[in-house]
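Quick notes on the structure that follows.
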There are 2 protein chains.
Amino acid sequence: MRVTIKDIARAAGVSHTTVSRALRDSEEIRPETRARIRAIAEALGYRPNPVARALQGRRTQTLGVVVTRLSDPFHTEVVQGIEMVAQARGYGVLLSLSHEDPEKERSIVELLAAKQVDGIIVAASRLGSRYLPMLEALQIPIVLINSHQTGPYVYSVATDNVHGGYLATRYLIGLGHRAIAYIGSRRGGRSNQDRYRGYRQALREAGLPLRPEWVVKGDGRVEGGEAAMRRLLETDPRPTAVFCYNDLTAIGALKAALRAGLRVPPDLSIIGFDGLEEGTYVTPMLTTVAQPRRQLGRLAAEMLLEILEGRPSPKHILLQGTLIERESCGPPG
Amino acid sequence: MRVTIKDIARAAGVSHTTVSRALRDSEEIRPETRARIRAIAEALGYRPNPVARALQGRRTQTLGVVVTRLSDPFHTEVVQGIEMVAQARGYGVLLSLSHEDPEKERSIVELLAAKQVDGIIVAASRLGSRYLPMLEALQIPIVLINSHQTGPYVYSVATDNVHGGYLATRYLIGLGHRAIAYIGSRRGGRSNQDRYRGYRQALREAGLPLRPEWVVKGDGRVEGGEAAMRRLLETDPRPTAVFCYNDLTAIGALKAALRAGLRVPPDLSIIGFDGLEEGTYVTPMLTTVAQPRRQLGRLAAEMLLEILEGRPSPKHILLQGTLIERESCGPPG
DNA sequence: CAAATTTTCGCACACGTGTGCACCCTTCAT
DNA sequence: ATGAAGGGTGCACACGTGTGCGAAAATTTG
């Protein structure tokens, strides 16, 4: 059997009330008594029962985390960031996967709320604004990662996609490219639109035309990037550089280009987005706009904990991505 | 405020006892009463409080999962398998990362136990047999993934590393290779030894010599594989094929080989282990011995649930890997 | 119609921890 | 010596759900 405060009370010859107070270092209990009880608790190997505490105090010390898929390396790093903060502050992390199904995401969030988590972090939500009424009904603070929404219980941490798209495209322009394509993502939603916006803005500023046939869509994964690149390779004239929605897309694009016998660079330059480890696996290594992924997770968790513990916190945080120059870009050949 | 059975009792004009029984479909309550109470519960939007249930019934419906790092793609797939099963059966998944620190792994397992999880799954444990006394003291069933141990509360699911190593090496021999190297892992522990054992066995059977200078060690990650391959490239004669401890190591080896100007194949053949998605990102795509990773997670979760729900279950399951032929191997050139 | 039986429900307590308030025992002042 | 003041501790209840057992109501039986 597990040791409870009643067992300690019996051993110490006091009531469980006194034990409870002694262990919480209450001023009401005489110091010697406190010390004696602590010693007995130690000797008996007492571990407080968090379930009972939660029932009593209405706090489970647990954060719910909702993610679409873990097989997407973007999310894993975010979750690691969350977990590190949570672990350091004594919170547990209850993980649920939605598999990109909005309906499932909804039911998962409700399930987490029913499980009495203190707060929820949702990474890469697929749910739009119709989401909000539910969140408010739950009365649980929620932090959205890379999905901006507004509402009384809703907070967010995101990277600036417009800026990132602009950064990538400017970089290619700076290398001397004038024929720059964009491979987007069917499933990218708002973030795809924003990166595309940054791309257009950079083109416009440089006085470069926006060619519709150079804007194609993948699916945010390797296969989609590959297929999209094959379509780009058939255009005439061909772009000399490609900005890809994310690194997986870029890796697919690179595969297709290499298979077509192109040298990357100089025949083609490819830049990705995210800053995944995986970008260093390929040859040439992928140049990319890195999102501070772990930071996203960390900040989301810290924000949530601040809110839960009643400290002030900003409601929305926007982070900037940074360019990582590796090998997949160069001047047009 | 949250709706409790007391609220329902008040609305229905019965005691909370009756409500509790009605909702659990007890035979003691008259069918009409049951239906009436259910209707009221429905109307009020009642959700049972799992914390209170856990306190009363000693079950939290939560599984603890311990993993070294999520950034290792091997684990993510395993965790996904676990989560899918858990979600389908109404269990939550409490995730903790140990970051390859044995001491942390220990404390995490104890923390999970303190948090009253019903069972624990440990993926890729770094703790050896001195682990066992603690596990027994906790009296919580534990399933180890890819780490075989024996004890009253200890179960395991693993892939057959000896067989996998043998399979990979036989495949290379079958292609005509007679100079086959092995890049192991410093941190691989038992699994590294077993894969190496399979390698030696295949060499012995084929009458090939085991050359010490062709057995080097990486760290199970890309960088280590790269460095190890550079060392191999300096040997004379050079191996014509390399079996790598895992896919990340193989990706590193491939990078080094390509950088040295080798064609893979025919100048060099490389085979990995794990069957990661990442193996398809590189050019040429990696041939590998695939572990049924999601299956590992699934089986571990199913095993644990069987045990928890009192159904019989095998204590140890050993799965076989399968060869996936892609592009990185061919006859020696 | 009364007694025995069955059905239906509520009382009281349990699970482990926390807390408002009353009570008891010192201690000190009068 | 008596009263007040104050510190130290325990009683009783709360949190939400589940359950053994007894009591009341409904039904069957003699």
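Because the structure is predicted, anything quoted here is derived from the model rather than measured. Protein chains get the first letters and strands the later ones, always in sequence-line order, with residue 1 at the start of each.
At least one side-chain nitrogen or oxygen of A:R53 sits closer than 4.0 Å to the OP1 or OP2 atom of C:dG18. Contact annotation: A:R24 reaches the phosphate of C:dG18 (side-chain N/O to OP1 or OP2, under 4.0 Å). Between A:R2 and the phosphate of C:dG16, there is no side-chain N or O to OP1/OP2 separation shorter than 4.0 Å. For the OP1/OP2 pair of C:dT17 and a distance below 4.0 Å, the side-chain nitrogens and oxygens of A:S20 include no atom meeting the criterion. Between A:S15 and D:dG10 there is a side-chain N or O to OP1 or OP2 distance below 4.0 Å. The phosphate of C:dC9 (OP1 or OP2) has a side-chain N or O of B:T33 nearer than 4.0 angstrom.
Judged by closest nucleotide on DNA chain C, B:R30 is the one of B:R30 and B:Q56 placed further toward the 5' end. Residue order along DNA chain C, read from the 5' end via each residue's closest nucleotide, puts B:R34 first among A:P50 and B:R34. Along DNA chain D, the nucleotide closest to A:V14 and the one closest to B:R47 are compared, and the more 5′ of them pairs with A:V14.
As a whole-Å value, the separation of A:L55 CG from C:dG16 P is 12 Å. Spacing between atom CD of B:E28 and atom P of D:dA23 amounts to 16 Å, rounded to whole angstrom units. Distance, A:D7 CG to C:dT17 C1': 13 Å, rounded to whole Å. Between B:I8 atom CD1 and C:dG10 atom P the separation is 14 Å, expressed in whole Å. Residue A:R10 contributes atom CZ, which lies 11 Å from atom P of C:dG16 at whole-angstrom precision. Across the protein-nucleic acid pair, B:Y46 atom OH and D:dG16 atom P stand 10 Å apart, rounded to whole Å. Computed from coordinates, the A:K6 NZ to D:dA12 P distance equals 14 Å when rounded to whole Å. Protein atom CZ of B:R21 is 10 Å distant from nucleotide atom P of C:dG10, rounded to whole Å.
Contact annotation: side chain of A:T17 to base of D:dC11, donor-acceptor pair present below 3.5 Å. The base of D:dG18 sits with one of its N or O atoms less than 3.5 Å from a complementary donor or acceptor on the side chain of B:H16. Looking at A:R59, its side chain has no donor and acceptor atom pair within 3.5 Å of the base of C:dG18.
Counting only distance, with no hydrogens or angles, the side chain of B:K115 and the backbone of A:Q61 share a donor-acceptor pair below 3.5 Å. Remark: the backbone N or O of B:T60 is paired with a side-chain donor or acceptor of B:D118 at under 3.5 angstrom.
The side chain of A:T4 lies closest to C:dT17, out of C:dT17, C:dG10, C:dA12.
Two residues are said to be in side-chain contact when any heavy atoms from C-beta on lie closer than 4.5 Å; B:Y155 and B:I307 meet this criterion.
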Carefully, step by step, assess A:R21 and A:T18 under the rule side chain to side chain contact (heavy atoms under 4.5 Å, CB included).
CA-CA 5 Å; A:R21 290 199 176 107; A:T18 304; 5.8 Å; no
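The NZ atom of B:K104 lies 10.0 Å from the OG atom of B:S96; values are rounded to the nearest 0.5 Å.
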